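Below is one structure, written out as structure tokens; comments come after it.
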Amino acid sequence: MAIIQTSKLYKDYATNGVTVKALRGIDLTIDRGEFSALAGPSGSGKTTLLNIIGGLDHPTNGQVTVNDILLNEQSAKELARIRLNRIGFIFQAYNLIPVLTAIENVEYILLLQGVDKEERYQRSSEILREVGLGDELHRRPQELSGGQQQRVAVARAIVSQPDIVLADEPTANLDQKTGAMLLDMMHDLNKKKGITFLFSTHDQMVMERAERLLHLVDGQVADDEWKKK
Amino acid sequence: MQNYKIIIKLAWRNIWRNKRRTILTLLTIVVGCAMIILMNAFAKGGHDQMIEDAVALNTGHIQVHEEGFWDSQTIDYAFKPSEELISTIEGHEAVAGYSRRVHAGVLVALEDVSKGAMIQGIEPEREKTVTNLHEKILPGGRYLEKSDSTHVVMGEMLAKNLKVKVGDRISIISQGFDGSIAAEHLSIVGIFKSGNQEYDRILMLIPLSQAMKTFSMMGYVNSLVIRLGDPDEMGEVIEACREVTEEYSYPIEVMGWKTLMPELVQFIVMDDVAAWIFDFILFMVVAFGILNTIQMSVFERTREFGVMLSIGTQPSQVVAIVLTETVFITLVGIIIGSIIGIGSSVYMHFNPIDYSAYADEIAVWGVNTTIFPATVTVANVVVTGLITFVLAVLFSIFPARRAAKLDPVEAIRTL
């Protein structure tokens, strides 16, 4: 069952009077439960595609739907609501809120959703324990290692049980071992909870572990490789 | 807002991320508020003192005359205070005292000198409840007493110009109310130094009973001067007097101190305008201080706001976070600033600025006030706090909206 569908997706950027074609007619379907990666050289359009699927950017042309919701037609306010309730984000540089503790960062999403205090705490602490941070609930980001911060970011992304988690170069700032552990953890979550993951990556390790690898070249899908079904 | 708790938590923690900047901003607000409150307290206290001094010296809060007297200041405009008028004045609880007066321009003659002067016939005992000239008698003399007749008290400069002292006799000549010649020999019993150059140069006081005879007043007086215990009741007392004086067959004017001393009102208005300009400058310094802090704070957190917007924070919630930070800093600043402003104003109320050493220089400007206390009012503190608060919020809207309108993709790329 398709969770993401793009149809003839184009994105042009105008920089200093020069138009750059970042996406050139991408047709893509991601099914629920996939553990997929967008790979390709810099400038191939990976991050642009991820941003458009996440409702953070608008296509110049074409359509994108997330769980049958057509993002093109949504207002900024509605897009924010969709991002909050249906999409989890993991960024390259962790991007936690520095004045909040680990558990508060995770709770933040639930708070915005209006979840009550007890449930918020229970769900957030449970997720943090699952990602191995049960002893670090009340530490602030600057008191955590890069790997721990990224695990908090994963916990924040999945705590609201989104339709899909979009991860932009999640291992880029981590060492090999920590990156591998993080990928194992996300793969585990994918299997156990059925959470759909879509990565954009340069990292060979991510490409190897992804079950489906979409190669982007010059804003087009050059190769769609299913490694495992 | 449903998520106000997280907004408050984020705002409070964010303002302490850069302690030095927050403390500097707080100091701007604290010093600004305290200075505005203190300066306004000095303006209020100084103005009240000037009004009190002017009223207490001779003018009183209210005067009743035949219409035309105050403009012409001649003996020809006189009226008989009716029993109803007197009982109305005596019966009003806001009235502290009243006194009837006769005013006459006279020529003072000595053997080889003659000078123009102004005589006021006063009721010595009643006058003490209206004015404080009796407290300004120089040593060696005394104020008028009820039993006095052809006795006179005069201003220091007038005595100096006439080259007379206590115990000397002078002659006066003038025109009576009935058109006859008014002449009298008077004994000087006291000399006053009021601090008001005009009074000290031309004013003489004699008993009202003697003035009635000398100027053939036939029971008429030129003015009835009222002193109020509560000056805020002036309008009501004027209205009560006007109701009674409407019964007269000739027009009577009932004037408050603002009409009697328009130059003082003008001075206060001008002084207020100067104070407002000073206040405005201080308010702007505070407002731009806050704008600078919030602007910098938002600028430094561009990436953070980008992330917050990406993960589903509504732009209105970002605005709320930034404005709440402003509200926290401003409220803390206003509270501390108000406490310091009130404290310093109260201190300066009981320890006023004393310019009595420069009394003569100040008198040149027609002001006889030498003590300038600070008087802090609730309105002063509330208005200062409110304006600071509103300006702070208004000046924060721009950076708050800027944060809310960030493009998340661009913002996250910011280093």
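Convention: sequence-line order gives letters A, B, ...; per-chain numbering from 1. Keep in mind it's a predicted model, so treat the numbers as computed, not measured.
With chain B as the partner, the residue from A:Arg81, A:Arg156, A:Glu107, A:Glu104 showing the most heavy-atom pairs under 4.5 Å is A:Glu104. Heavy-atom pairs under 4.5 Å with chain B peak, among A:Ala76, A:Gly55, A:Ala80, at A:Ala80. Annotation: maximal heavy-atom pairing with chain B below 4.5 Å, among A:Ala93, A:Pro98, A:Gly54, occurs at A:Pro98.
In this structure, A:Tyr121 and A:His138 have parallel ring planes: the angle between them is below the 30° cut-off, well short of the 60° mark. The aromatic rings of B:Trp16 and B:Trp12 sit perpendicular to each other, their planes meeting at more than 60°, with 30° as the lower class boundary.
Only the side chain of A:Arg140 comes within contact range of chain B, judged by heavy atoms closer than 4.5 Å. The contact between A:Asn51 and chain B is made entirely by side chain atoms (from C-beta outward), counting heavy-atom distances below 4.5 Å. Both the backbone and the side chain of A:Leu100 have a heavy atom closer than 4.5 Å to some heavy atom of chain B.
We find that A:Arg129 and A:Glu126 are not joined by a salt bridge, their nearest charged nitrogen and carboxylate oxygen being 4.0 Å or further apart. Under a 4.0 Å N-O distance rule, the pair A:Glu130/A:Lys193 qualifies as a salt bridge.
Close placement of the B:Phe395 and B:Phe288 rings is indicated, their centers lying within 6.0 Å of each other.
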B:Glu300 and B:Arg21: CA distance, side-chain angles, deciding distance, salt bridge (Lys or Arg N to Asp or Glu O under 4.0 Å) verdict: CA-CA 13 Å; B:Glu300 283 174 6; B:Arg21 190 170 58 207; 3.0 Å; yes

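Using a 3.5 Å distance cut-off with no hydrogens or angles, the side chains of A:Asp57 and A:Tyr13 do pair a donor with an acceptor.
Between B:Ala374 and B:Ser345, the shortest heavy-atom contact is CB-O, 3.6 Å.
Residues of residues 39-47 of chain A having a heavy atom under 4.5 Å from any heavy atom of chain B: none.
A:Asn72 places none of its side-chain heavy atoms less than 4.5 Å from the side chain of A:His58.
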